[in-house]
Number of protein chains: 2
Amino acid sequence: MARLAEVSTATVSRVLSGGKPVSPEVADRVRVAAQDVGYRPNPAAQTLLRGSSRTVGVVVPDLGNPYFAEILKGVASEAAATEHHTLVAGTDEDPEQEYRSAIELARWVDGLLLCAPRMSTPRLREVAEAARRLVLINRVLRHSAVGSVVVDYHLGVRALCEHLASLGHKRIAYLQGPTAAWSDQQRQRGFRSPEASGLTIFRVPCGSTLVDGQAAVDEALTYKPTAMICFNDHVAVGVLSRLRELGLSVPGDISVAGIDNAPMSAHTDPGLTTYAVSTIELGRQAWERFTPRVTTATTHLQGELVIRSSTAPPPHRPHR
Amino acid sequence: MARLAEVSTATVSRVLSGGKPVSPEVADRVRVAAQDVGYRPNPAAQTLLRGSSRTVGVVVPDLGNPYFAEILKGVASEAAATEHHTLVAGTDEDPEQEYRSAIELARWVDGLLLCAPRMSTPRLREVAEAARRLVLINRVLRHSAVGSVVVDYHLGVRALCEHLASLGHKRIAYLQGPTAAWSDQQRQRGFRSPEASGLTIFRVPCGSTLVDGQAAVDEALTYKPTAMICFNDHVAVGVLSRLRELGLSVPGDISVAGIDNAPMSAHTDPGLTTYAVSTIELGRQAWERFTPRVTTATTHLQGELVIRSSTAPPPHRPHR
DNA sequence: CTGAAAGCGCTAACAG
DNA sequence: CTGTTAGCGCTTTCAG
């Protein structure tokens with residue numbers, strides 16, 4: 001290709017990278033030749049030289065989960081806008097894999113976006129050392145050069161509690177997220193707010209998926225709650241489905257609320273009351289934390305209460 | 001690090017890559033030193049030398065779409081199992097971006113997995129030339145070294161037609177997918193099957209999302225169909241939601257069927273009759289097409305009819 | 001403005 | 001078994 005245009009490789013490089021002093025005539029010749037041969041520089045060589053791959057890494061517990069899929073979408077789209085690539089890894093909700101994937105990707109990428117709800121703090125710190133730049137989702141770490149974007153889930157739970165209390169509910173079942181997940185603890189903080197003080201909260205082990213929700217309903221019902229707050233909307237959809245099977249009506253017999261406002265939540269029957277957070281915004285914010293000018297501090301994202309028809313005053317007599 | 005263990009860089013490389021003749025004593029010393037310093041080889045340098053990045057690229061129209069998210073999950077997980085990384089790009093359903101992303105990633109990766117329903121065949125051919133290895137999802141291209149994994153959607157439509165016909169339906173609205181999408185044409189092939197011969201099909205422009213489905217319902221109803229077949233389950237969920245708003249009961253007044261069997265489809269009310277295809281399997285199959293031993297030919301994936309409660313015999317009198 | 005040459009970090013080939 | 005050396009493809013000095 002350098003041969004084709006009869007110039008040195010250095011000149012080709014100058015033309016293609018742009019903004020270098022090259023005579024217009026030569027520049028054109030090079031561009032034509034490049035087009036002809038379909039020449040594109042080898043990115044590995046560029047990376048080696050520059051010390052930057054123009055790539056960000058995204059590590060999440062489950063790539064199939066729409067919540068993370070949307071975050072990924074937000075990041076990838078921002079990244080693409082500045083000629084960056086996006087490397088991904090799913091970790092199957094396994095702390096060991098969270099660590100391995102993060103460490104592995106860290107070597108490749110300019111910046112790492114990590115959602116690792118279960119990784120231990122020391123290991124997280126190791127990752128922070130290994131990565132050029134690290135941004136955490138829904139988790140914080142005291143460490144220079146580590147930024148965080150966290151959703152203030154305790155405010156969400158608080159808002160849901162206030163909403164349910166104002167409807168007259170007293171006994172609330174909380175379907176917990178994955179054990180030891182940082183963001184579940186955030187949610188639980190909401191139950192210690194003044195808005196929740198008149199409520200009795202029954203904690204039920206659950207998880208983060210539709211199937212988890214479905215499975216946890218029966219245990220939750222043993223507490224005779226008049227409302228359920230679910231770890232997220234997926235769980236809530238599973239709950240609605242199981243309640244329907246049991247012949248209980250929502251919100252007639254029992255109210256159900258989710259968290260996150262998943263796309264489907266506006267279309268369930270009944271429509272799901274939830275705490276809406278914008279995952280696209282989350283992705284965008286996370287991306288911004290990679291740019292040098294932005295502080296490494298923690299960004300707090302607030303959501304808003306979305307009241308649909310899955311919540312209503314409790315029945316006068318408890319069901320059954 | 002080589003200094004720390006008092007050996008040459010070549011020896012370090014031999015130890016770390018494994019399977020090379022090194023005395024156990026030295027090997028241990030190197031491993032300890034590497035551990036100490038936290039040394040990890042520079043992947044860009046390795047890539048440059050090897051000519052392979054151990055990376056696959058995945059290009060899909062919408063990273064936020066659960067359908068593609070699951071395919072991505074399947075591929076990423078298979079890739080990780082063999083120490084490969086996964087690079088992604090979403091293309092916002094834009095043919096131009098489909099092309100640019102594909103060409104761009106092709107330079108980086110060992111293999112490219114491409115779902116580009118709208119890209120023109122000549123451009124697709126260009127991508128095939130640029131990529132070391134190319135696998136297409138739901139699309140075929142006559143070209144050596146290009147494999148495909150396609151879902152036989154015409155069989156799905158055929159099965160749905162047979163199912164609806166056997167229930168006594170005659171007037172069916174089909175809510176079309178994105179214009180010019182290859183996989184929509186596949187579906188439409190199903191309407192030319194014998195099973196559909198007794199049916200009158202009304203084609204309604206729609207799209208691939210929940211919101212598209214919601215919006216297309218009113219036009220579809222002008223044909224007074226007794227059943228609707230939707231491009232995919234997302235559309236169907238949007239349809240269910242709009243029909244509910246209109247006060248029409250499913251399946252009492254009208255039957256609705258989807259395609260794909262999205263995770264949520266078992267949990268809608270009523271449960272959605274659909275044609276189930278395994279996206280995980282799709283991802284896995286796609287991955288297998290990257291391994292040299294596997295032929296580049298097209299793999300056909302079949303789904304199966306899943307009958308839930310959104311389909312039933314038509315009402316005796318048409319609604320309204 | 002352009003070419004020659006060094007070197008990014010690594011591993012394969014070649015000596016020893 | 002181990003060290004030395006060349007070179008992967010590019011960009012960036014440094015000369016001219």
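What you see is a predicted model, and the numbers here were worked out from it, not measured in a lab. Residue numbers begin at 1 in each chain, while the letters A, B, ... track the order of the sequences.
- With hydrogens and angles ignored, the 3.5 Å screen pairs a side-chain donor or acceptor of A:Ser53 with a backbone N or O of A:Trp108.
- In this structure, A:Leu16 atom CG and C:dT2 atom P are separated by 15 Å, rounded to whole Å.
- Nearest-nucleotide mapping onto DNA chain D: of A:Ser17 and B:Pro24, the residue sitting toward the 5' end is B:Pro24.
- Counting only distance, with no hydrogens or angles, the side chain of A:Ser148 and the backbone of A:Val150 share no donor-acceptor pair below 3.5 Å.
- For the pair A:Ser23 and C:dT2, the criterion of a side-chain N or O lying under 4.0 Å from OP1 or OP2 is met.
- Between B:Leu301 and B:Gln285, the shortest heavy-atom contact is CD1-CG, 3.9 Å.
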Distances for protein N or O near nucleotides 4-9 of chain D N or O, under 3.5 Å:
none

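- Atom CD in A:Glu25 sits roughly 13 Å away from atom C1' in C:dT2 (whole-Å rounding).
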If you look only at distance, which donor and acceptor atoms sit under 3.5 Å apart when one is on a side chain in residues 76-88 of chain A and the other is two or more places apart or in another chain?
residue : atom : partner  : partner atom : Å
A:Glu78 : OE2  : A:Arg284 : NH1          : 3.1
A:Thr82 : OG1  : A:Ala79  : O            : 3.2
A:His85 : NE2  : B:Glu104 : OE2          : 3.1

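- Between A:Asp62 and B:Lys73 there is a salt bridge, since a side-chain N of the basic residue sits under 4.0 Å from a carboxylate O of the acidic one.
- For the pair A:Arg187 and A:Tyr153, the cation sits on the ring face: its NZ or CZ lies under 6.0 Å from the ring centre, inside 45° of the axis.
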